[in-house]
Peer 1: 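Here it is: the structure, laid out below.
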Amino acid sequence: MYYSEDVVEEVRQRSDIVDIISSYVNLKKSGSNFFGLCPFHNEKSPSFSVSGSKQMYYCFGCGAGGNVFTFLMEYENLTFREALGQLADRAGMPLPEGSGSEEERRQRDTRERILEIHKLAANYYYAKLNSDRGKGAKQYLLGRQLSEETIRRFGLGYSDKYSNDLYQYMKKKGFDDTILNQTGLFTFHEKYGANDKFWNRVMFPIMDKTNKVIAFGGRVMGDGKPKYLNSPETLIFDKSRNLYGMNFLHGKLDHGIIICEGYMDVIALHQAGFTNAVASLGTAFTSQQSSLLKRYSDTAFLCYDSDGAGVKAALRAIPMLKEAGITVRVIDMRPYKDPDEFIKALSADEFRKRIDRAVNSFFYEIGILRQQYNMDDPAEKTKFMNEAAKKCLAFEQEIERNNYIEAFCREYGVRTEDFKELVRHHAATMVGRTYQKRKEEKEAQKKRAKETGTGRIQGILLTWLGEDLTLFQTIKEVIGPDDFMDEPYRAVAGMLYEQAETGNISPATIISRFDSKEEQSVVAGIFNRQVKEVSEQTEREKALNEMIKTLKKASLEKRSREVTDMNELQNLILEKKKLEHLHITIQK
């Protein structure tokens, strides 16, 4: 952690969670809380709850929960420090110099200096593009029908023909070789010295979600090789976890995301009004990028080149996107190769029509598969039908699988019952999503779905304590934090008891103490648990006494198994006997 808990808490207190989340999610007040559609999973009925009094959110549908930091980190895919910085800026609160270990400070300082160098480099390349030396590169971009506004919006630039032009500039700025060598912008040779990695290229700055320049792509001017050159991975750049154009994505996109292959495709689409276009960064599409895109939309339109390489790229990307829970459709740009070429030849309106007619990924894959077989040959046609039947097994829900089977049969003139029988045959023999994997997934879901026994009791008791401070005074002499045997209940109990002593319960502060989003969601669930209302005083007391006796008994038994001192063991036995006569009266 770079900042003290006091600083973090002050930023949190200045950031009203209802105000922050309502800028991303349409919230409506219901009772004391606000509700909306959860931005982290698909749903038609609002189950996403935001509490102004507790300064936290919780989804009763998927279990996502946390405080204002958690939300911003999850929704915008930010680190904690980035989320803290954004909220501090929004609140008009300057952050003090960070704390932390010497190694943390060194790492942070190095990262910030590399970011500073990239910012300077982007400005330098942009200035070069607009100088006499950049006339050729500027004419190239204008010849590609990019406007001055688009060039400025994407920060496009030019790296000069001199092989150490940027290096000399950075040396004049006072940067030493040690830090320059970590930027990925230079190459160092014992014999030839330092040179720029990019020279005589049109430059494409790559930015993260906070609009910081983290890398570059460069297209060579002329016939040099390679045609496109990209930054290597560095302390600030992981190409598998970033996308070109990602800095223009904000909030949940109902109209989906367009995924392209190259920088110019993204830029051309943005200029034509399709500001939801992104591209992978010189490498094949990754599962991490799929997970990243899921934050912004549940639908993706693949817009890869229509050549053989583009088809292969699409076929690789489809399963990863579907695994992330994204519905995939494929845009057909034929006879044109890419979106840039298509829009120039036709128009943005025509491209929009192609989006509307984009084919479902299943039928795209079937169409590609069909090209491999001679459908006039009975044997070849049979092979095709068998392969198509195997693809239907990817649909786990029977109703969805049947819908696709029926659609396939209509398209290819096959009797539905015959094809269903073929699918059933392959289901018994084919290893796709294996039975074992499905079994493990179901077991994991069951494990997450419901707390049982003492775990459930610990959670309910903490929920009651969080809602009613008078209970604390009633039970604190009987049940202490150490009696909560499981994590994170024990940790939450310790913090809750500390807060209860001061008379000020703050669930959002407690959530801040946990690092992982999984733990934060569990803790958020504790404070948002829907416990059945018990109106009768006697019934409420009965429920409370049963829970306390069960929990205390389990705690004493656990301690009895671990104790080695006879005197302490006798004391534990006496405590167990006292439980038989224990009765706690709830204050009215």
Side-chain angles (χ1 to χ4, degrees), residues 106-141 143-144 146 151-152 154-208 211-242 244 262-264 266-267 279-284:
R106 186 194 66 77
Q107 190 86 337
R108 181 192 66 213
D109 290 343
T110 301
R111 177 184 172 86
E112 288 179 349
R113 292 185 74 198
I114 294 175
L115 284 169
E116 181 186 359
I117 291 168
H118 275 75
K119 182 179 179 180
L120 286 170
N123 290 335
Y124 186 74
Y125 291 143
Y126 181 77
K128 279 288 180 183
L129 180 72
N130 292 283
S131 70
D132 288 341
R133 299 196 65 83
K135 280 183 179 179
K138 186 67 170 287
Q139 283 304 122
Y140 166 78
L141 292 173
R144 295 290 297 263
L146 297 188
I151 292 171
R152 184 168 54 253
F154 282 87
L156 304 184
Y158 171 67
S159 54
D160 211 334
K161 288 183 178 181
Y162 296 110
S163 62
N164 66 350
D165 195 54
L166 182 66
Y167 175 75
Q168 294 298 332
Y169 174 76
M170 291 298 175
K171 294 299 287 185
K172 289 176 182 176
K173 288 289 184 181
F175 295 101
D176 59 42
D177 287 354
T178 303
I179 190 66
L180 293 178
N181 195 28
Q182 297 181 61
T183 64
L185 298 176
F186 310 96
T187 57
F188 289 83
H189 300 279
E190 187 174 333
K191 183 176 180 180
Y192 301 109
N195 288 292
D196 298 347
K197 182 176 182 66
F198 300 98
W199 50 282
N200 195 29
R201 291 178 181 270
V202 172
M203 300 300 293
F204 301 85
I206 298 165
M207 303 180 198
D208 65 11
N211 286 306
K212 291 186 176 69
V213 180
I214 56 174
F216 291 92
R219 190 213 185 274
V220 71
M221 295 298 297
D223 299 322
K225 300 290 182 181
K227 184 177 179 180
Y228 278 95
L229 184 64
N230 300 290
S231 288
E233 295 197 347
T234 65
L235 188 62
I236 64 171
F237 179 52
D238 180 345
K239 64 182 70 176
S240 69
R241 297 177 184 274
N242 288 278
Y244 185 68
Y263 305 126
M264 285 301 300
V266 171
I267 295 171
S280 51
L281 297 163
T283 56

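The residues of the chain are indexed from 1 along the displayed sequence.
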Peer 1: Search all heavy atoms of Pro205 against all heavy atoms of Gly155 and return the closest pair with its distance.
Peer 2: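 Closest heavy-atom pair between Pro205 and Gly155: CG-O, 3.0 Å.
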Peer 1: In residues 115-127, what donor-acceptor pairs under 3.5 Å come from side-chain atoms, sequence neighbours left out?
Peer 2:
from	atom 1	to	atom 2	distance (Å)
His118	ND1	Ile114	O	3.0
Asn123	ND2	Lys119	O	3.4
Tyr124	OH	Asp165	OD2	2.7

Peer 1: Please report the closest heavy-atom contact between Asn195 and Ser163, naming both atoms and the distance.
Peer 2: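 The pair with the smallest heavy-atom distance is OD1-OG, 3.2 Å.
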Peer 1: Output side-chain donor-acceptor pairs under 3.5 Å for residues 173-180, partner residues at least two apart or in another chain, one line each.
Peer 2:
from	atom 1	to	atom 2	distance (Å)
Asp176	OD1	Thr178	N	3.1
Asp176	OD1	Ile179	N	3.1
Asp177	OD1	Tyr167	OH	2.8
Asp177	OD1	Lys171	NZ	3.2
Asp177	OD2	Tyr167	OH	3.3

Peer 1: Just verifying a value: how many Å separate Met203 CE and Leu166 CG, rounded to the nearest 0.5 Å?
Peer 2: 8.5 Å
Peer 1: To the nearest 0.5 Å, what is the distance between CG on Asp196 and NZ on Lys161?
Peer 2: 15.0 Å
Peer 1: Mind checking whether Tyr158 and Lys138 have side chains closer than 4.5 Å, heavy atoms only?
Peer 2: no
Peer 1: Does the side chain of Phe186 reach to within under 4.5 Å of the side chain of Asn164, using non-hydrogen atoms?
Peer 2: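 Side-chain contact under 4.5 Å: no.
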Peer 1: Output the distance between atom CD1 (Ile214) and atom NZ (Lys239), rounded to the nearest 0.5 Å.
Peer 2: 11.5 Å
Peer 1: Less than 3.5 Å apart, any donor N or O on the side chain of Asn200 or Tyr162 sitting next to an acceptor on the other?
Peer 2: no
Peer 1: Where is the tightest heavy-atom contact between Thr187 and His189, given as atom of each residue plus distance?
Peer 2: OG1-NE2, 3.9 Å
Peer 1: So, taking the atom named CE in Met170 and the one named OG1 in Thr183, what distance separates them when rounded to the nearest 0.5 Å?
Peer 2: 7.5 Å
Peer 1: With heavy-atom distances below 4.5 Å as the criterion, would you say the side chains of Phe216 and Lys197 are in contact?
Peer 2: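 No, their side chains stay 4.5 Å or more apart.
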Peer 1: Going from CG on Asn230 to CZ on Phe198, what distance comes out if it is rounded to the nearest 0.5 angstrom?
Peer 2: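 The CG atom of Asn230 sits 6.5 Å away from the CZ atom of Phe198.
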Peer 1: Measure the shortest side-chain to side-chain distance between Leu146 and Phe154 over non-hydrogen atoms and say whether it is less than 4.5 angstrom.
Peer 2: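 A side-chain contact under 4.5 Å is absent here.
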Peer 1: Side chains of Ile206 and Tyr263, heavy atoms from C-beta outward: is any pair under 4.5 Å?
Peer 2: yes
Peer 1: For the pair Ser159 (side chain) and Arg201 (backbone), establish whether a donor and an acceptor sit closer than 3.5 Å, ignoring hydrogens and angles.
Peer 2: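 Present.
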Peer 1: Roughly how far, to the nearest 0.5 Å, is the CE atom of Met264 from the CG atom of Leu156?
Peer 2: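 Reported to 0.5 Å precision, the distance equals 8.0 Å.
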